[in-house]
Number of protein chains: 2
Amino acid sequence: MRIGELAARLGVNPKTIRFYEARGLIPDPVRLPSGYRDYGPEDESRLAFIKTAQRLGLSLDEIGEILAFKERGERPCSYVLSVLDAQLSDIDRRIGELVRLRAELVTLKDRADQLLSGDACYCGIVEHAGRMSQMITR
Amino acid sequence: MRIGELAARLGVNPKTIRFYEARGLIPDPVRLPSGYRDYGPEDESRLAFIKTAQRLGLSLDEIGEILAFKERGERPCSYVLSVLDAQLSDIDRRIGELVRLRAELVTLKDRADQLLSGDACYCGIVEHAGRMSQMITR
DNA sequence: GTACGCCTTCCACTCGGATGGAATGTCAAG
DNA sequence: CTTGACATTCCATCCGAGTGGAAGGCGTAC
């Protein structure tokens with residue numbers, strides 16, 4: 001399949017695929033007589049892997065390292081594991097923080113709703129934002 | 001306190017503080033007779049808030065909008081509420097994604113641990129990554 | 001009084017991750 | 001045989017979030 005189709009299947013820009021090729025993340029593909037890149041299913045799954053890993057928070061360099069291990073037939077396990085461990089604890093931290101921020105925003109919004117329906121209000125939301133800041137950064 | 005001390009307290013580069021000022025995220029500070037910026041505790045907590053929000057994945061623009069509520073001292077209008085709502089649902093979405101990714105990472109890591117302790121492992125983790133990809137993107 | 005560290009402004013550059021656009025080539029359908 | 005969609009290369013630009021460096025001012029310690 002040509003680059004446009006591959007890109008469409010994965011929901012990415014064809015330029016992105018060429019960009020990954022230039023970065024060495026995907027191998028130089030076979031070319032059709034026309035010079036067009038010709039991709040197969042392995043390319044699709046490789047690209048899917050890249051996109052997944054990216055969603056997991058890995059940088060293109062990290063992904064490249066993992067793929068390179070695979071290329072060389074080496075055991076990337078411990079490296080991958082350490083990356084995974086780091087990602088995991090980072091995610092835990094972020095979830096905790098988001099949950100806290102969420103609670104604060106909800107409170108803030110509730111106040112705002114009340115104030116909207118109430119009369120004679122300037123902006124209690126403002127004072128609350130101050131408290132929010134303290135709570136969040138506590 | 002001067003910019004260097006404030007920066008040190010927060011573990012950021014003084015340039016970053018000037019950058020935030022230029023972006024309108026923090027108010028133009030009082031100046032000492034020397035022309036040096038002079039910061040107080042409110043500046044420190046505001047900066048701390050920015051950094052926290054940033055760790056949570058908010059962009060500087062989003063943070064700016066939130067801080068602008070405070071600045072403008074406006075009544076909570078529907079625009080403000082809609083921004084808050086957007087922020088909230090975005091946070092919910094991100095929490096959901098992170099929770100899912102966390103579960104997948106744990107599974108992946110468990111597999112990897114097994115494979116590591118077993119013998120004759122090239123890199124099952126990579127092959128499992130393919131399955132992982134399916135699981136996550138399901 | 002000069003050395004040294006911190007401060008000022010301004011402009012340019014970095015970095016990761018793409019994207020845009022120009023100029024040109026390929027190919028199937030009308 | 002031309003039109004249109006898609007492809008190619010190469011170079012430039014964008015975005016967010018800073019960071020670097022030059023040229024010069026301030027302030028305290030020796």
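Everything quoted here is computed from the prediction, not taken from an experiment. Convention: sequence-line order gives letters A, B, ...; per-chain numbering from 1. Computed over heavy atoms, backbone and side chain alike; hydrogens, waters and symmetry mates excluded.
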Is any side-chain heavy atom of B:Leu60 closer than 4.5 Å to one of B:Ile63? yes
Set out, line by line, the N/O atom pairs under 3.5 Å between protein and nucleotides 25-29 of chain D.
unit_1	atom_1	unit_2	atom_2	d
D:dG25	N2	B:Tyr36	OH	2.4
D:dC26	O4'	B:Tyr36	OH	3.3
D:dC26	O2	B:Tyr36	OH	3.4
D:dG27	OP1	B:Ser34	OG	3.4

Report yes if the side chains of A:Ile50 and A:Leu58 come closer than 4.5 Å at any heavy-atom pair, otherwise no. no
For a quick check, with a 4.0 angstrom heavy-atom cut-off, what is the B/S/- contact string for nucleotides 16-22 of chain D, read 5' to 3'? -BBSBB-
Base, sugar-phosphate alone, or nothing: which one does B:Arg37 contact when heavy atoms must sit under 4.0 Å apart? sugar-phosphate
Which pair of non-hydrogen atoms, one from A:Tyr39 and one from A:Leu6, has the smallest distance, and what is that distance? CG-CD2, 3.4 Å
Sorted by chain and residue number, the salt bridge (charged side-chain N to carboxylate O under 4.0 Å, His left out) partners of A:Glu5 (sequence neighbours excluded) come out as A:Arg9
Hey, is the main chain of B:Glu62 close enough, under 3.5 Å, to the side chain of B:Glu65 for a donor-acceptor pair? no
Identify all side-chain donor-acceptor contacts of residues 15-31 of chain A below 3.5 Å with residues at least two apart in sequence or on another chain.
unit_1	atom_1	unit_2	atom_2	d
A:Thr16	OG1	A:Asn13	O	3.4
A:Tyr20	OH	A:Lys51	NZ	2.9
A:Tyr20	OH	A:Gln54	OE1	3.4
A:Glu21	OE1	A:Arg37	NE	2.8
A:Arg23	NH2	A:Asp61	OD1	3.1
A:Arg31	NH1	A:Gly35	O	2.8

Below 4.0 Å from chain A heavy atoms, what is the first contacting nucleotide of DNA chain C and what is the last? C:dG17 to C:dC27
Quick one: does A:Arg2's side chain get under 4.5 Å of A:Asp38's, heavy atoms only? no
Rounded (10°) bend between the five-pair end axes of the helix from C:dG1-D:dC30 to C:dG30-D:dC1: 20°
Considering all heavy atoms of both residues, which atom of A:Pro14 and which atom of A:Ala7 are nearest to each other, and what is their separation? N-CB, 3.7 Å
Are B:Leu47 and B:Tyr36 joined in one hydrophobic group, where the rule is that I, L, V, M, F, W and Y side chains link up if heavy atoms are under 4.5 Å apart? no
Taking C-beta and beyond as the side chain, do A:Met1 and A:Asp43 meet within less than 4.5 Å on heavy atoms? no
